[in-house]
Student: 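One structure, as structure tokens, below. Some questions next.
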Amino acid sequence: MNYLINIKKSATVKTISKWLCSSLVIMACLLFQSCETEIPATDTTPPTFSLLINGDGFSRTFTQADDFGRIQLNLKTDFPYNFIYTGHDDGGLSHMELAIPHINFVIESPISSPWTRTTWGPFSRFTWTGNRSTPVNGSILTGTFRVNDASGPFGIKLILDDFGGPVGPSNNTTRQLNILSGQNTTEVINQ
């Protein structure tokens with residue numbers, strides 16, 4: 001009996017720990033999102049991002065340093081996953097976007113301002129746009145999503161741009177995370 005109680009306590013502690021960690025990440029991101037910055041005379045450093053996905057006993061943070069051409073994320077169909085997508089640039093972030101094929105991938109949580117949602121062909125685009133006159137270091141998009149059918153690999157795109165300085169070209173970071181959905185284990189597969 002004590003063994004069962006310890007298992008339940010352990011599961012509860014893990015759930016609380018994950019919730020607390022996610023809450024702290026969100027609070028930290030909200031703090032840095034509102035930090036105003038100055039656009040440097042020359043900016044040659046591209047923006048950075050992180051995409052945290054958790055659910056079904058899985059938790060992984062993807063960044064621009066990952067080799068997206070060699071990984072695939074396997075997700076369970078009709079299972080809710082939480083995500084936190086953050087973007088950052090010391091010289092000011094001008095644009096941040098998450099593009100998903102809405103046929104396969106549904107964000108179930110409401111999208112709050114200043115983020116906007118548009119549909120373009122088979123894609124839903126979640127976009128945040130910075131302001132050159134009051135630049136900030138970054139932005140954050142959080143929510144819950146679900147993959148609504150079993151399908152072959154599809155990709156979600158992560159796109160970020162900075163201001164590039166007063167006259168220089170903007171720097172861009174773009175990655176595509178390949179996803180396979182079905183009744184499989186939620187995991188990252190190295191290809």
Student: Could you tell me which residues satisfy side-chain hydrogen bond (donor to acceptor under 3.5 Å, both in side chains) with Thr134, sequence neighbours excluded, listed by chain and number?
Tutor: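 Applying side-chain hydrogen bond (donor to acceptor under 3.5 Å, both in side chains) to Thr134 gives none.
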Student: Got a sec, which residues hit side chain to side chain contact (heavy atoms under 4.5 Å, CB included) with Asp67, two or more places apart in sequence or on another chain?
Tutor: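 Here the qualifying residues are Arg70.
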Student: Within this structure, what is the CD1-OG1 distance for the pair Ile111 and Thr127, rounded to the nearest 0.5 Å?
Tutor: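 So the gap between those two atoms works out to 10.5 Å.
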Student: Indicate the atoms forming the closest heavy-atom contact of Phe123 with Pro101, along with that distance.
Tutor: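 The answer is CD2-N, 3.7 Å.
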Student: Roughly how far, to the nearest 0.5 Å, is the CD1 atom of Ile189 from the CG atom of Asn74?
Tutor: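 Answer rounded to 0.5 Å: 5.0 Å.
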Student: Are the side chains of Asp89 and Phe163 in touch, meaning some heavy atoms are under 4.5 Å apart?
Tutor: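 Asp89 does not reach Phe163 side chain to side chain.
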Student: Passes side chain to side chain contact (heavy atoms under 4.5 Å, CB included), Phe58 versus Val188? Steps please.
Tutor: CA-CA 9 Å; Phe58 172 85; Val188 172; 3.8 Å; yes
Student: Tell me the closest heavy-atom pair linking Pro135 and Gly92, and the distance in Å.
Tutor: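 Closest approach of Pro135 to Gly92, heavy atoms only: CB-CA, 4.3 Å.
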Student: Could you pull out the closest heavy-atom pair between Leu93 and Asn137, with the gap in Å?
Tutor: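 Minimum heavy-atom separation between Leu93 and Asn137: CB-O, 3.9 Å.
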Student: Can you tell if the side chain of Asp90 reaches within under 4.5 Å of the side chain of His88, non-hydrogen atoms only?
Tutor: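 Asp90 reaches His88 side chain to side chain.
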Student: Which residues pass the side chain to side chain contact (heavy atoms under 4.5 Å, CB included) test with Thr63, sequence neighbours left out?
Tutor: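 Once residues adjacent in sequence are excluded, the partners of Thr63 under the side chain to side chain contact (heavy atoms under 4.5 Å, CB included) criterion are Ser50, Thr61, Ala65, Asp66.
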Student: How long is the span from the CG atom in Leu141 to the CD1 atom in Ile107, to the nearest 0.5 Å?
Tutor: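 One gets 6.0 Å once the value is rounded to the nearest 0.5 Å.
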Student: According to side-chain hydrogen bond (donor to acceptor under 3.5 Å, both in side chains), who are the partners of Thr144, at least two apart in sequence or on a separate chain?
Tutor: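 Partners of Thr144 under the side-chain hydrogen bond (donor to acceptor under 3.5 Å, both in side chains) test: Asn82.
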Student: Restricting to side-chain hydrogen bond (donor to acceptor under 3.5 Å, both in side chains), what partner residues turn up for Glu97, sequence neighbours left out?
Tutor: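 With neighbours one apart ignored, the set is His95, Arg125.
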Student: If you group Ile, Leu, Val, Met, Phe, Trp and Tyr by side-chain heavy-atom gaps below 4.5 Å, do Trp128 and Ile39 land in one group?
Tutor: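 No, no single cluster joins them.
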Student: Find the distance between CD1 (Ile156) and CG (Leu73) and round it off to the nearest 0.5 Å.
Tutor: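 That separation rounds to 7.5 Å.
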Student: For residues Ser124 and Phe105, determine if any side-chain heavy atom of one lies less than 4.5 Å from a side-chain heavy atom of the other.
Tutor: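 Heavy-atom side-chain distance check fails, nothing below 4.5 Å.
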Student: Checking His102 side chain against Trp120 main chain: does a donor-acceptor pair fall under 3.5 Å?
Tutor: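 Not at all, since once roles are kept as given, no pair shorter than 3.5 Å links the two residues.
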Student: Taking only residues two or more places apart in sequence or in another chain, which ones pass salt bridge (charged side-chain N to carboxylate O under 4.0 Å, His left out) with Glu108?
Tutor: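 By the salt bridge (charged side-chain N to carboxylate O under 4.0 Å, His left out) rule, Glu108 matches Arg146.
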Student: Mind checking side chain to side chain contact (heavy atoms under 4.5 Å, CB included) for Pro46 and listing every partner two or more places apart, or none if nothing turns up?
Tutor: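 Once residues adjacent in sequence are excluded, the partners of Pro46 under the side chain to side chain contact (heavy atoms under 4.5 Å, CB included) criterion are Asn171, Thr173.
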Student: To check you understand the geometry: which heavy-atom pair defines the closest contact between Ile53 and Phe62, and what is its length?
Tutor: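 It is CD1-CE1, 4.1 Å.
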Student: Using the side chain to side chain contact (heavy atoms under 4.5 Å, CB included) criterion, which residues pair with Thr42? Sequence neighbours excluded.
Tutor: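 Side chain to side chain contact (heavy atoms under 4.5 Å, CB included) list for Thr42, sorted by chain: Thr44.
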Student: Do you know which two heavy atoms are closest between Gln64 and Arg175, and how far apart they sit?
Tutor: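 Scanning both residues completely, I find the closest heavy atoms to be O-NH2, 3.1 Å.
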Student: Of Leu180, Val147, Thr185, Asn184, which is the lone residue that meets side chain to side chain contact (heavy atoms under 4.5 Å, CB included) with Leu75?
Tutor: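 Among Leu180, Val147, Thr185, Asn184, the one meeting side chain to side chain contact (heavy atoms under 4.5 Å, CB included) with Leu75 is Val147.
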Student: Starting at CG of Asn172, measure out to CG of Asp161 and round the result to the nearest 0.5 Å.
Tutor: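 Rounded to the nearest 0.5 Å, the CG-CG separation comes to 4.5 Å.
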Student: Can you run down the salt bridge (charged side-chain N to carboxylate O under 4.0 Å, His left out) pairs that involve residues 44-54, sequence neighbours left out, and say none if there aren't any?
Tutor: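 Sorted result for residues 44-54: empty, none.
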Student: Report yes or no: do Ser94 and Arg132 form a side-chain donor-acceptor pair below 3.5 Å?
Tutor: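 Not at all, the side chains of Ser94 and Arg132 share no donor-acceptor pair under 3.5 Å.
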Student: Do the side chains of Ile159 and Ile84 join up, straight or via other hydrophobic residues, at under 4.5 Å, putting them in one cluster?
Tutor: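 No; Ile84 is not reachable from Ile159 via cluster members.
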Student: Can you measure from CZ (Phe49) to CG (Leu160) and round to the nearest 0.5 angstrom?
Tutor: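 Between atom CZ of Phe49 and atom CG of Leu160 there are 7.0 Å.
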Student: List for me each residue that meets side-chain hydrogen bond (donor to acceptor under 3.5 Å, both in side chains) alongside Asp56, sequence neighbours excluded, and say none if there are none.
Tutor: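 Testing Asp56 for side-chain hydrogen bond (donor to acceptor under 3.5 Å, both in side chains), a comparison that skips the adjacent residues, returns Lys76, Thr186.
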Student: Write out all pairs satisfying salt bridge (charged side-chain N to carboxylate O under 4.0 Å, His left out) with one or both partners inside residues 178-191, taking only residues at least two apart or from two chains.
Tutor: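 Counting only pairs at least two positions apart or across chains, no salt bridge (charged side-chain N to carboxylate O under 4.0 Å, His left out) contact touches residues 178-191.
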Student: Is there any ring-ring contact (aromatic ring centres under 6.0 Å, His included) pair reaching into residues 63-85, and which pairs are they, with sequence neighbours excluded?
Tutor: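 Passing the test, one end in residues 63-85: Phe79-Tyr81, Tyr81-Phe145.
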Student: If I compare all heavy atoms of Gly91 with all of Asp43, which pair ends up nearest, and what's the gap?
Tutor: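 Gly91 and Asp43 have their closest heavy atoms at CA-OD2, 4.0 Å.
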